[in-house]
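Just so we're clear, the structure is a prediction, and the values are computed from it rather than from any experiment. Hydrogens, waters and symmetry mates are skipped; everything else that's a heavy atom, side chains included, is used. Each residue takes its place number in the sequence, starting with 1.
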Amino acid sequence: MAVDSPLSSQLGPPACERDAKALHFIEETTSHADSVQDRVLTEILTRNSQTEYLTRFKLNGATDRETFKSKLPIITYEDLQPEIHRIANGDRSAILSAHPISEFLTSSGTSAGERKLMPTIKEELDRRRLLYSLLMPVMNLYVPGLERGKGLYFLFVKSETRTPGGLLARPVLTSYYKSDHFKTRPYDPYNVYTSPNEAILCPDSFQSMYAQMLCGLLQRQQVLRVGAVFASGLLRAIRFLQLNWRQLTQDIETGALNPKLTDTSLREYMDKILKPNPELAECVRHECSKDNWEGIIARIWQNTKYLDVVVTGAMAQYIPTLDYYSGGLPLACTMYASSECYFGLNLNPMCKPSQVSYTIMPNMAYFEFLPHEPDSFGFPCDSPPKLVDLVDVEVGKEYELVITTYAGLYRYRVGDILRVTGFHNSAPQFHFVRRKNVLLSIDSDKTDEAELQKAVENASRLLREFNTSVVEYTSYADTRTIPGHYVIYWELLGKDSANSPTDEVLKQCCLAMEESLNSVYRQGRVADNSIGPLEIRVVKNGTFEELMDYAISRGASINQYKVPRCVNFTPIMELLDSRVVSSHFSPASPHWTPERRR
């Protein structure tokens, strides 16, 4: 029952007293965004005043914004790499943070082909838990009764490694799921999962997915929401069900667990809950055996009220497929976060995906915004950029996010491009536009133009013995398959028609491209099975001239025309596909290990 609370009246009546406190916190924090930002910056600069990094720029204990902005440069990851390497190699002095660096969070963004290492401190877990604690109180405003059921969420840990100095390096969600904050979380009727910790924390991706799917089926009547972190992850779960429903239903029917599940703690848990249930097995078998899987989520988990997945940015490409498998269930995007920092939440989580805006919570870090011109490629050296404070951004304008964190990132360019859509109290709300410079993305991978160019160059070396070269190329992320995969269109020039490259050679070109791509891509291919084999489609000679003619017919300047290195405009893709003469897939997985390349 809703609780009357004048403190949270702007957002709506809270579902319970605990929600009232959470909504009041949101209102208070966003109503005083500028003063909260002042406090955050003062706290960061005061506690870290004696660090090597801040001492280098002679702040001399100053904590005001004007001094901070005048003395500290705006930086990228590459600027910080010397300090990162020292910490990774075992230097425990106060280089970036006065608090000890507890571990590195590996970013999905890469530098020199390897995941970026983001330093973090133990208390950051408290900040992340705080933001998580605000999500359900907001959702309860829109979807009543969630305390009467469970969430089927597909959550996974990924591989971790240690730096030469002994610090753990792992993805932010793996860090969170393995923390006591998650493992020993108190019971919350609004946040109960069907997946046990034993399944979520199982390092084997097949066993983890199998157990989570089985638990979701066993508790299907209790499931009120279905989700994963990203849209691509939820679609992988559906694909897994397509491939494994026969064995899953056999387990349910007989009460005997698939022998492929060998993890001891996982088997012990499943043995406790798995009992013969022929009626449930037949129900699931009846739905999964049909040729048409449209609406399969709503057909199996009939009480589902919404899907909880990220469908902004590159994940928007999965919306039509999610709609197909869910029967059009609402898509909820709840929060905005990265390895560097957790930023904010969506105060209207049941809005349409195209209307998602995230409210930045000013207590999470100190935020600045670099005005972004869509056609600009940086800023001239003689004209340093003027960054805008959180409360001073303008509606309708785009900015690149710049953060200063408690863990020791100072004026760090995150690389996210955001558009201001409005304000909640004095805190701005942003639509996520895109990651800067990202060309291709299927899951958490991010491939830019320079990396794609290098991959094409490396692969094309295999064509030299056939006197063949790549004349032009473009690409797109094909998400019609599960998992999605990269498609590269090549137009070839061969000087010896009697000695053309064979199918096997072009398959090896696919693999050579994959070997050239970053470690996040290769992990997605090898360990996570979140990306399918790369495909090269060879097109007829003259295809890219036709592409230019089409662009010019639509108003492009012939003098300024450049071949787009990535395409997603349907008429262009139809033109390219109509000119394909052969198609070739990578014949094997590229090399990948959790260890970083030395």
Side-chain angles (χ1 to χ4, degrees), residues 2-16 18-41 127-144 190 306 308 310-313 330-338 341-369 371-372 387-403 414 416-433:
V3 176
D4 290 332
S5 175
L7 297 175
S8 56
S9 58
Q10 183 173 344
L11 286 170
C16 60
R18 188 209 59 176
D19 283 12
K21 292 178 181 178
L23 298 178
H24 175 56
F25 176 80
I26 293 172
E27 290 299 294
E28 281 290 296
T29 306
T30 57
S31 294
H32 303 95
D34 202 42
S35 61
V36 172
Q37 283 281 274
D38 257 336
R39 173 179 58 78
V40 167
L41 182 61
R127 261 180 285 278
R128 289 178 213 135
R129 181 172 63 175
L130 171 61
L131 193 61
Y132 282 126
S133 74
L134 304 176
L135 302 182
M136 288 311 295
V138 172
M139 184 59 77
N140 291 337
L141 297 172
Y142 295 88
V143 185
Y190 290 94
Y306 63 91
D308 188 349
V310 173
V311 288
T312 51
L331 303 174
C333 294
T334 56
M335 68 182 292
Y336 172 36
S338 75
C341 179
Y342 278 29
F343 306 118
L345 69 166
N346 182 4
L347 296 180
N348 183 16
M350 300 302 284
C351 67
K352 294 180 180 179
S354 60
Q355 298 172 347
V356 169
S357 291
Y358 299 104
T359 301
I360 299 291
M361 290 299 290
N363 61 304
M364 300 303 293
Y366 180 67
F367 299 103
E368 298 176 89
F369 298 86
H372 175 71
L387 270 64
V388 179
D389 283 331
L390 181 69
V391 300
D392 295 327
V393 295
E394 298 179 40
V395 173
K397 290 192 174 181
E398 292 186 3
Y399 299 88
E400 182 182 349
L401 182 59
V402 178
I403 59 172
V414 175
D416 288 358
I417 306 300
L418 310 175
R419 182 185 306 115
V420 187
T421 58
F423 284 80
H424 181 77
N425 297 320
S426 58
Q429 298 176 306
F430 293 93
H431 173 72
F432 182 92
V433 178

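Heavy-atom minimum distance, V388 versus V393: CG1-N, 3.6 Å. Of all heavy-atom pairs between N140 and R18, the closest is ND2-NH2, 4.4 Å. Looking at every heavy atom in both residues, G344 comes nearest to L131 through O-CD2, 3.7 Å.
Within the 4.5 Å cutoff, no side-chain heavy atoms of S357 are placed close to those of N348. Residues I403 and M364 form no side-chain contact, since every pair of their non-hydrogen atoms from C-beta on lies 4.5 Å or further apart. In this structure, L130 and F25 have side chains that are in contact, with non-hydrogen atoms separated by less than 4.5 Å. A 4.5 Å side-chain heavy-atom check between P362 and V391 finds every atom pair outside the cut-off. A heavy-atom distance below 4.5 Å is found between the side chains of M361 and T30. Side-chain contact between F369 and L387: absent, with no pair of heavy atoms (C-beta onward) separated by less than 4.5 Å. Considering only heavy atoms from C-beta on, Y306 stays 4.5 Å or farther from L331 through its side chain.
Legend: residues meeting ring pair (Phe, Tyr, Trp, His ring centres under 6.0 Å) with Y342, ordered by chain and number and at least two apart, are Y132. Checked against side-chain hydrogen bond (donor to acceptor under 3.5 Å, both in side chains), D308 has the following partners two or more places apart in sequence or in another chain: Y153. With sequence neighbours left out, F343 forms a ring pair (Phe, Tyr, Trp, His ring centres under 6.0 Å) with Y336. The side-chain hydrogen bond (donor to acceptor under 3.5 Å, both in side chains) search around Q355 returns none, not counting sequence neighbours. D389 pairs by the side-chain hydrogen bond (donor to acceptor under 3.5 Å, both in side chains) definition with R65, K69, Y366, not counting sequence neighbours. Contacts of K397 classified as side-chain hydrogen bond (donor to acceptor under 3.5 Å, both in side chains), with partners at least two apart in sequence or in another chain: E394.
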Point to revise | Check against side chain to side chain contact (heavy atoms under 4.5 Å, CB included), L345 and I26 | key: CA-CA 10 Å; L345 69 166; I26 293 172; 4.2 Å; yes

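The distance from the OG1 atom of T421 to the CZ atom of F430 is 8.5 Å, given to the nearest 0.5 Å.
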